[in-house]
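Here is the structure we will look at.
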Amino acid sequence: DQQVKQNSPSLSVQEGRISILNCDYTNSMFDYFLWYKKYPAEGPTFLISISSIKDKNEDGRFTVFLNKSAKHLSLHIVPSQPGDSAVYFCAATPRGTASKLTFGTGTRLQVTL
Amino acid sequence: KAGVTQTPRYLIKTRGQQVTLSCSPISGHRSVSWYQQTPGQGLQFLFEYFSETQRNKGNFPGRFSGRQFSNSRSEMNVSTLELGDSALYLCASSPGDRSYNEQFFGPGTRLTVL
């Protein structure tokens with residue numbers, strides 16, 4: 001049972017444009033959501049997070065949006081840069097279980113020149 | 001601050017053997033979690049240790065075990081290795097406060113079981 005889903009396995013975006021990565025979840029107990037970026041042969045790197053009490057969180061070029069009623073979140077990267085090319089994972093955790101992250105399957109982003 | 005370190009980075013074992021992986025968290029972090037990444041199942045939570053006690057556990061068989069030492073370093077052990085245990089094993093650390101969710105990952109140990 002995949003509780004966190006990233007339905008797009010890959011995405012290609014031109015440099016300078018917006019990248020939008022999507023994530024859906026089914027477990028209503030999830031109340032904290034995170035995005036990680038992963039390069040081959042490295043561990044995931046934390047990017048940005050959002051609590052269920054918010055619907056938007058920004059950090060530089062990265063913005064995460066949360067739609068609780070739709071159980072959907074998205075990561076916007078503006079403007080996209082070639083160095084953003086990586087696999088992006090969304091993750092979720094229920095209240096009080098901060099360490100037990102449930103990950104999506106990942107979306108491979110390729111930013112082209 | 002130094003990041004999360006994991007040793008060894010690569011390991012080759014044969015079926016039936018056992019293996020021990022090591023993780024040193026970021027200084028001051030008291031929580032260490034372990035994850036398994038495989039092409040088929042993605043990233044899956046194994047267990048979390050906090051103050052030398054297992055605080056959370058995922059859905060893995062008892063062949064997977066761990067421990068944490070008083071300096072917060074953690075080890076993970078897999079006994080009676082199976083081919084399906086071939087994976088990237090990732091360790092992550094965090095301060096341990098239940099309200100703090102961001103975890104910081106090490107580079108992983110790539111285990112190959114032949």
Side-chain angles (χ1 to χ4, degrees), chain A residues 1-10 23-25 27 29-54 57 59 62 64 66 73 75 86-108, chain B residues 3-6 9-10 21 23-26 29-51 53-60 66 68 72 74 87-110:
Chain A
D1 174 29
Q2 193 72 30
Q3 297 184 63
V4 179
K5 300 177 187 180
Q6 293 176 257
N7 292 319
S8 299
S10 64
C23 180
D24 297 295
Y25 62 97
N27 189 338
M29 297 299 290
F30 289 149
D31 76 337
Y32 203 88
F33 305 89
L34 308 90
W35 284 94
Y36 283 85
K37 169 179 170 181
K38 188 177 184 301
Y39 294 115
E42 293 184 14
T45 301
F46 170 73
L47 277 176
I48 192 168
S49 61
I50 187 166
S51 162
S52 60
I53 62 172
K54 296 185 175 181
N57 188 27
D59 185 0
F62 301 93
V64 57
L66 175 63
L73 61 154
L75 174 69
V87 178
Y88 289 77
F89 291 93
C90 68
T93 181
R95 189 188 313 272
T97 320
S99 61
K100 190 173 179 179
L101 296 176
T102 299
F103 281 88
T105 49
T107 296
R108 182 177 303 278
Chain B
V4 177
T5 58
Q6 292 186 245
R9 292 293 312 276
Y10 301 91
L21 313 181
C23 172
S24 292
I26 291 170
H29 285 189
R30 295 167 63 194
S31 167
V32 173
S33 298
W34 289 89
Y35 293 81
Q36 181 197 63
Q37 185 183 24
T38 60
Q41 300 297 320
L43 271 156
Q44 292 188 291
F45 174 79
L46 280 153
F47 32 65
E48 181 218 4
Y49 284 86
F50 176 77
S51 292
T53 302
Q54 188 179 87
R55 185 162 70 171
N56 284 296
K57 189 177 186 307
N59 298 321
F60 278 80
Q68 187 180 35
S72 294
S74 176
L88 181 68
Y89 289 89
L90 292 157
C91 154
S93 78
S94 73
D97 178 346
R98 285 183 185 273
S99 65
Y100 186 91
N101 299 74
E102 289 82 3
Q103 293 180 48
F104 298 89
F105 284 82
T109 295
R110 170 74 61 187

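Each chain gets a letter, A, B and so on, in the order the sequences are listed, and its residues count up from 1. These numbers were taken from a predicted model, which means no experiment stands behind them. All heavy atoms count here, side chains included; hydrogens, waters and symmetry mates do not.
Neither the backbone nor the side chain of B/L46 comes within less than 4.5 Å of any heavy atom in chain A. For chain A, the nearby part of B/R9 is the side chain; its heavy atoms alone come within less than 4.5 Å. Neither the backbone nor the side chain of B/F47 comes within contact range of chain A, judged by heavy atoms closer than 4.5 Å. If you measure heavy-atom distances from A/Y39 to chain B, you find no contacts under 4.5 Å at all. Within the 4.5 angstrom heavy-atom criterion, only side-chain atoms of B/L90, from C-beta onward, approach chain A. Looking at B/Q41, neither its backbone nor its side chain comes within 4.5 Å of chain A, counting heavy atoms on both sides.
Residues A/F46 and B/Q103 share a closest heavy-atom pair of CB-O, 4.2 Å.
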Practice prompt. Dump the intermediate steps for side chain to side chain contact (heavy atoms under 4.5 Å, CB included) on B/K57 and A/K100, then the final yes or no.
Written response: CA-CA 8 Å; B/K57 189 177 186 307; A/K100 190 173 179 179; over 6 Å; no
Discussion item. Set out, in order, the CA-CA distance, both residues' side-chain angles and the distance that settles side chain to side chain contact (heavy atoms under 4.5 Å, CB included) for A/L101 and B/Y35, then state yes or no.
Written reply: CA-CA 9 Å; A/L101 296 176; B/Y35 293 81; 3.3 Å; yes
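The CD atom of A/E42 sits 11.0 Å away from the CG atom of B/L88 when rounded to the nearest 0.5 Å.
The residue among B/G42, B/P107, B/G108 with the most heavy atom pairs within less than 4.5 Å of chain A is B/P107. Interface remark: of the candidates B/V32, B/V4, B/L43, B/L43 forms the most heavy-atom pairs closer than 4.5 Å to chain A. When A/G106, A/G43, A/G104, A/S51 are compared by the number of non-hydrogen pairs under 4.5 Å with chain B, A/G43 comes out ahead.
When side chains are defined from C-beta on, A/Y36 counts as touching B/F105, because their heavy atoms get closer than 4.5 Å.
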